[in-house]
Amino acid sequence: MPFALIDCNNFYVSCERAFQPKLEGKPVVVLSNNDGCVVSRSNEAKALGLQMGEPWFKMEKLAKQHGIIAFSSNYTLYGDLSARVMSILSTFAPRQEVYSIDECFLDLSGFDPASLTSYCQKMRQTIQRNVGLPVCVGIAETKTLAKLANHCAKKGFFGANGVCDFGLLDDTQRSALFSSISAGEIWGVGRRISEKLLTMKIKTIEDLRTANLERMRSQFSVVMARTVQELNGVSCLELEKVGKARQQIVVSRSFGSMITELDDLSESIAYFTTRAAEKLRGDGSVAASIAVFIYTNPFKEDAPQYNGSITVALSHPSDDTRELIKAALSGLREIYRSGFHYKKSGIQLMGLQGKGTIQPTLFDDTEKQSKSTTVMRTMDAINRKMGKGSVTLAASGIQQRWAMHRGRHSRNFTTDWGELMVVGEDK
DNA sequence: TCTGGGGTCCTAGGACCC
DNA sequence: TCTGGGGTCCTAGGACCC
C-alpha cells in the first residue's frame with residue numbers, strides 16, 4: 001500500500017514569503033529564538049553556502065554582502081499556516097498522519113497506481129493556490145522510502161516536478177538511484193550512525209539496503225533493522241493515529257541575557273510551567289512529576305560552568321498550574337547555586353496520563369480538585385479570548401529580565417486582528 | 001557582544017522482589 | 001572457603017527526528 005509524504009519546501013521561509021512576495025527570488029533565512037541560529041533557508045540562501053543551525057552572528061558579514069534577509073521565527077504564523085495545509089491535505093486521502101509542523105503522510109491505498117503522480121500534482125496546486133506555499137510529494141510502499149522519494153522530488157531526480165513516485169521505477173533504476181545517494185540521507189540514519197556505517201564499508205543507500213539484516217540488528221538496534229526492511233519495501237512503520245496524547249511536555253528557553261539571581265530564574269520557571277500546564281490541559285492530561293533544569297552558557301568556556309537538574313514528584317497527578325509551579329520552584333531552590341551566570345532554564349512534565357484515567361487515592365480532596373479544575377478552565381478561557389498571558393500567576397513576573405530577543409519578527413498576518421494585512425498598503 | 005526548542009524511541013544498568 | 005537467578009520496573013543517557 002503506497003504512502004505519500006508531503007513536505008513544505010523551506011517551510012518557515014516560505015511562510016514569510018507567502019505574505020511578502022517581494023521576498024521571492026531573494027536569499028531569505030529564518031532564525032531561531034534570540035535570533036541565535038539559522039533554522040530555515042531559501043534556495044538562494046542555501047546556494048550562498050549558509051548552513052542549517054549555523055550561529056547567525058557568524059554569518060552576518062556574509063549576509064550583508066549578499067543582501068540576505070533574516071527574520072526572527074514567528075511560530076504563531078507558521079503554526080496557523082501549517083494547520084491550513086494539513087486540513088487541505090486531509091481531504092485528499094482517508095487517513096493522514098501529521099508528522100511535524102511542515103509534513104504529513106497520507107495513506108494512498110486503493111487509488112489507481114498509474115494516476116498517483118497527477119493526483120499528487122493536484123495536491124501541490126491546491127496548497128499553492130489556497131495557502132501560497134510550495135510543497136513536494138514522495139510516493140512509495142513504505143514510509144522510509146516515501147521520505148526518500150520526497151527528497152528526490154525536491155532534488156528534481158528523474159525530471160521530477162515536485163512529485164516522485166518510486167512505484168514507477170524498476171529494480172535496476174532503484175539500484176542505480178540508491179547507489180548514488182549516501183546512507184546518511186535515510187530517515188533514522190544520523191551523524192553517529194553514518195560514521196559507524198562507514199567503518200563497516202556501508203556508504204550508500206544501496207549498501208545499506210543489501211546489508212545483512214541480523215548483523216544490522218546486532219550492531220545497531222531493532223530500529224536499524226526496521227529501516228533496512230523498509231528500504232526493501234517491507235512496511236514496518238504504520239500510519240500513526242492523529243491526536244495521540246504526548247508523553248512529555250518540555251518548555252525551555254535560552255535567556256536574552258545572562259541571569260544570576262534566584263528570583264529571575266524563579267520567574268522564568270514559573271512562566272515556562274504556566275505554558276506547559278496550558279498544553280497539558282489542552283491534551284486533557286495530568287502530570288505525575290515535573291523536572292527542572294538550569295544551565296550556564298556552554299560556549300563561554302572560561303566562565304564557571306554549572307548544570308543543575310532535579311525531578312520533583314507531585315503528591316498526586318495534576319494539571320493545576322499552581323501546584324505545578326509550587327513543585328517546580330521547590331526543585332529550583334534545591335538546585336540553584338549562586339555565583340553562576342545562567343543562560344537557559346526549563347521544565348519537563350513527565351508521567352502524563354489522561355485526566356479521566358487516574359486512580360483516586362484515599363487521601364484525595366475531591367472538592368479541592370474540582371475547584372482547581374474550574375479555576376484553570378476559567379484562566380484558559382480568558383487567555384484564549386483576550387490573548388495569551390492576559391491572566392497569569394504573579395510568580396511568572398512582569399519584569400521578565402530573561403525574556404528573549406526577537407528583533408526581526410514579522411507580523412502575525414493571520415492570527416492577530418491588529419496585524420492583518422491591509423489591501424493596498426505599501427509593502 | 002551574539003550559538004534553538006520540542007519531541008520520540010531504545011538500551012543498559014540499578015533497584016527491588018521473590 | 002563457598003554468597004542465586006530471574007523477572008519487572010524505573011531512570012539516565014544516547015541516538016534520532018523536525
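Numbered from 1 within each chain, the chains take letters A, B, ... in sequence-line order.
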Of the listed nucleotides ([options]), which one gets closest to any side-chain atom of [X]?
| X | options | answer |
| --- | --- | --- |
| Val39(A) | dG4(B), dG7(B), dG6(B) | dG4(B) |
| Lys343(A) | dG4(B), dC18(C), dT3(B) | dT3(B) |
| Ser100(A) | dC18(C), dT3(B), dG6(B) | dC18(C) |
| Lys300(A) | dC2(B), dT8(B), dG5(B) | dC2(B) |
| Glu103(A) | dC9(B), dC18(C), dG5(B) | dC18(C) |
| Trp187(A) | dG5(B), dC9(B), dC18(C) | dC18(C) |
| Ile249(A) | dG7(B), dC17(C), dG6(B) | dG7(B) |

Practice task
Identify, between Asn297(A) and Val250(A), the residue whose nearest nucleotide on DNA chain B lies closer to the 5' end.
Solution key: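 Closer to the 5' end of DNA chain B: Asn297(A).
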Residue pair Glu60(A)/Gln248(A) against DNA chain B: nearer the 5' end by closest nucleotide is Glu60(A)
Practice task
Would you mind checking if Glu54(A) and Lys58(A) are paired as a salt bridge, meaning a charged N to carboxylate O distance below 4.0 Å?
Solution key: no
Taking NZ, NE, NH1 and NH2 as the nitrogens, is one of them in Arg17(A) or Glu44(A) under 4.0 Å from a carboxylate oxygen of the other?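 Yes, Arg17(A) and Glu44(A) are salt-bridged.
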Query raised in the report: So, do Arg209(A) and Ser175(A) sit near enough that their side-chain heavy atoms are less than 4.5 Å apart?
Result: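 Yes, close enough: below the 4.5 Å cut-off.
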Next on the checklist: Are Met350(A) and Ile290(A) packed together at the side-chain level, in the sense that at least one heavy-atom pair is separated by less than 4.5 angstrom?
Outcome noted: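 A side-chain contact is absent here, since even the closest heavy-atom pair is not under 4.5 Å.
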Protein and nucleotides 10-16 of chain B: nitrogen or oxygen contacts under 3.5 angstrom:
unit_1  : atom_1 : unit_2    : atom_2 : d
dC10(B) : OP1    : Arg226(A) : NH2    : 3.0

Of all pairs that satisfy side-chain hydrogen bond (donor to acceptor under 3.5 Å, both in side chains), the ones with a partner from residues 278-301 of chain A, not counting sequence neighbours =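 Residue pairs with at least one partner in residues 278-301 of chain A: Arg246(A)-Asp283(A), Arg275(A)-Glu278(A), Arg281(A)-Thr321(A), Arg281(A)-Asp380(A), Thr296(A)-Gln305(A).
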Quickly work out the [X] [atom1] to [N] [atom2] distance and round it to whole Å.
| X | N | atom1 | atom2 | value |
| --- | --- | --- | --- | --- |
| Glu54(A) | dG4(B) | CD | P | 12 Å |
| Ile101(A) | dG4(B) | CD1 | P | 19 Å |
| Asp35(A) | dT1(B) | CG | P | 18 Å |
| Ile186(A) | dC18(C) | CD1 | P | 12 Å |
| Lys279(A) | dG6(B) | NZ | P | 6 Å |
| Ile347(A) | dG5(B) | CD1 | P | 14 Å |
| Asp302(A) | dT1(B) | CG | C1' | 13 Å |
| Phe299(A) | dT3(B) | CZ | P | 8 Å |

To the nearest 0.5 Å, atom CD1 of Ile68(A) lies from atom CG of Leu62(A) at 5.0 Å
For this session: Determine, for Phe92(A) and Lys122(A), whether the Lys NZ or Arg CZ falls below 6.0 Å from the six-membered ring centre while staying within 45 degrees of the axis.
Result: no
Exercise for the section: Classify the angle between the aromatic ring planes of Phe19(A) and Phe413(A) as parallel (below 30°), tilted (30 to 60°) or perpendicular (above 60°). Expected result: parallel
Check: If we ignore angles and hydrogens, is there a donor and acceptor under 3.5 Å between the side chains of Glu206(A) and Ser179(A)?
Finding: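 The answer is no; no qualifying pair exists.
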Run the ring-ring contact (aromatic ring centres under 6.0 Å, His included) check on Phe255(A) and Tyr342(A) step by step: do they pass? CA-CA 8 Å; Phe255(A) 306 135; Tyr342(A) 294 99; 8.2 Å; no
Look at the side-chain N and O atoms of [X] and state whether any lies under 4.0 Å from the OP1 or OP2 oxygen of [N].
| X | N | result |
| --- | --- | --- |
| Gln247(A) | dC9(B) | yes |
| Lys344(A) | dG5(B) | yes |
| Ser252(A) | dG6(B) | yes |

With sugar-phosphate meaning primed atoms plus P, OP1 and OP2, does [X] contact a base, only sugar-phosphate, or nothing at under 4.0 Å between heavy atoms?
| X | value |
| --- | --- |
| Leu31(A) | nothing |
| Leu349(A) | nothing |
| Phe11(A) | nothing |

Intra- and inter-strand pairing of DNA chain C, written as dot-bracket with Watson-Crick and G-U pairs under 3.5 Å and | for the latter, reads ....||||||||||||||
Next on the checklist: Please give the distance between the P atoms of dT3(C) and dC17(B) as a whole number of Å.
Outcome noted: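 Rounded to whole Å, the distance is 24 Å.
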Is a side-chain N or O of Arg124(A) found less than 3.5 angstrom from the main chain of Asn161(A), in a donor-acceptor match?
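Answer holds: yes.
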